[in-house]
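Notes follow the structure.
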Amino acid sequence: MNRRHFLTGSAAAAGLLLAKPSHATVSASDRKFIFVFAQGGWDPTRVFAPEFANPDIDMEPNGARRTMGGLTYVDHPLRPSVSAFMAQHHARTLVLNGVLVRSIAHEICTMIAMTGDSSGLLPDWPARLATVGEPTTVPHLVLGGPSFPGPLGAAVARTGGAGQLEALLSGSITDWSDGATGGLPRTTQQLVDAFTLRRAAGAAAAVTGGNGQALVDAYAQAATSADDLKNLRYTMDFTVGPTMVEQIPVAVEALSIGMSRCVTLSAGTTWDTHADNDALQSPLFEAAFQGLNQLLETLRATPGQVVGQTLADETIVVVMSEMGRTPRLNNFAGKDHWPYTSWMLVGDGLTGDRVVGGYDDLYYGLGVDPGSGDPRVDAQLLSAEAVGATLLQLADVDPAELLPGVTPVTGVIA
């Protein structure tokens, strides 16, 4: 992590929980992001898209359209956490309906949803956002869900479902092989680390300008980050479970101490409901919104890095799935793959308490005016690329450099 961030955050932790002064604002460089990914393709009509008036869409018999502030959503007795979330957080919540992912194949949709491209070679939104501003130890920490780092692989670390990152940092991973080998004593490791840092600093000082300077600077930064990360294992446990609730404490701590700028969590990996759609999707949505309620409460209770702010003030939560599901149930009471889906953004800096986009009579996405976010027949569709460009804009990154020809929906930015 960045030592200055760590020391500043530790010294000021108690004071940051005091009332936020009216002049405190979050700059683009201070904004953090948490991505919550529901792998497999959720059914937006069970929460985000209350399409009860459309006879060509199979809605749940016990579901009902409900309004909370400016949001409309599907209320259901088996999903009380959804209404609890909307009641508590609707003012800061933006629902995006009709997001186009241009495919019905899981892998392709996941790549498009995360990168705006189907090649798998471009860095995803979290990696791009994480590398903005001052370097951090692990710019993008992946606790669960997909990751496409592309050329930004050095900025991304995955904890691993079996504690692999923790084992690497402690050296215990050498005991995992059939032929276990003992690690170096701690004092010897410290000597090696100190030597590596001196070599990195010396190399950086000896080179002036050109590509060589960029390489040695990157080497010096990598050596410093590795040293910081090894030291962090004495104050932070990187072992996480497969559920969002298990991942939240590590995610929030990584942001709060300045170790990371972006974190990706998993909202479950079983959303592919070709049979028994409602019996399976309903508990998944309930668990996801239970986790989201806990995540936002934890963010609100945790000091931010700006004096007077909490992490809730500084963090945008992006909740997404790589695809939607067909409007009609199949012969197995399931729903198949659909190229339009819904996402949800939560946080300051957004024109919250509104639904942007929507679905037409055929359950295709509607056009959206990028300047206002309002529906417009002749406007571009609300594509995954457009949402990604909007996230980049929120971080003060010009999306035209990375996504030429894609217009961000600036109307959703406050």
Side-chain angles (χ1 to χ4, degrees), residues 1-2 31-40 106-107 109-117 120-133 135-170 173 222 225-226 228-230 232-233 236-271 288 291-292 295 298-299 311 315-322 343 345 384 388 391-392 395:
M1 65 173 290
N2 182 291
R31 184 164 283 135
K32 303 163 184 64
F33 295 85
I34 295 177
F35 286 75
V36 179
F37 199 90
Q39 188 79 48
H106 286 294
E107 185 176 0
C109 285
T110 302
M111 287 187 287
I112 292 174
M114 294 294 290
T115 72
D117 183 76
L121 302 176
L122 298 182
D124 55 29
W125 315 125
R128 287 175 170 178
L129 293 165
T131 51
V132 175
T136 57
T137 302
V138 182
H140 178 207
L141 181 64
V142 183
L143 306 181
S147 174
F148 300 93
L152 300 179
V156 181
R158 184 182 286 274
T159 56
Q164 289 94 328
L165 180 59
E166 183 76 22
L168 281 169
L169 296 176
S170 68
I173 201 166
S225 294
D228 285 339
L229 189 58
K230 288 180 70 174
L232 266 176
R233 77 178 182 86
M236 181 173 174
D237 185 0
F238 292 98
T239 304
V240 297
T243 69
M244 190 197 318
V245 169
E246 293 172 301
Q247 295 164 8
I248 286 171
V250 176
V252 172
E253 187 169 7
L255 297 182
S256 70
I257 64 176
M259 187 189 86
S260 303
R261 190 182 186 194
C262 289
V263 182
T264 296
L265 313 180
S266 172
T269 58
T270 57
W271 294 79
L292 289 170
L295 172 61
T298 306
L299 290 173
L311 275 184
T315 305
I316 301 291
V317 179
V318 182
V319 190
M320 60 191 296
S321 185
E322 80 271 24
W343 294 357
L345 310 182
L391 295 175
L392 295 175

Sub-3.5 Å donor-acceptor pair from the side chain of [X] to the main-chain atoms of [Y], do we have one?
X	Y	value
Trp125	Gly116	no
Gln39	Ser321	no
Arg261	Arg31	yes
Glu166	Phe238	yes
Ser260	Val138	yes
Asp124	Phe148	yes

If you compare all heavy atoms of [X] against all heavy atoms of [Y], which two are closest, and at what distance to 0.1 Å?
X	Y	result
Leu143	Leu265	CD1-CD2, 3.5 Å
Ala127	Val156	CB-CG2, 4.1 Å
Ala113	Trp343	O-CH2, 3.4 Å
Arg128	Thr115	NH1-O, 4.2 Å
Val245	Gly291	CG2-CA, 4.2 Å
Thr264	Gly144	CG2-O, 3.1 Å

Do the side chains of [Y] and [X] get nearer than 4.5 Å, heavy atoms only?
X	Y	value
Met236	Ile257	yes
Leu295	Val252	yes
Arg233	Leu165	no
Val142	His140	yes
Glu246	Val240	no
Met114	Met320	yes
Pro151	Pro123	yes
Val36	Val318	no

Distance from [X] atom [atom1] to [Y] atom [atom2], nearest 0.5 Å?
X	Y	atom1	atom2	answer
Leu229	Thr136	CG	OG1	11.0 Å
Thr239	Gln164	OG1	CD	9.5 Å
Leu232	Leu169	CG	CG	8.5 Å
Ile34	Gln247	CD1	CD	11.0 Å
Phe33	Thr315	CZ	OG1	9.0 Å
Leu255	Leu311	CG	CG	6.0 Å

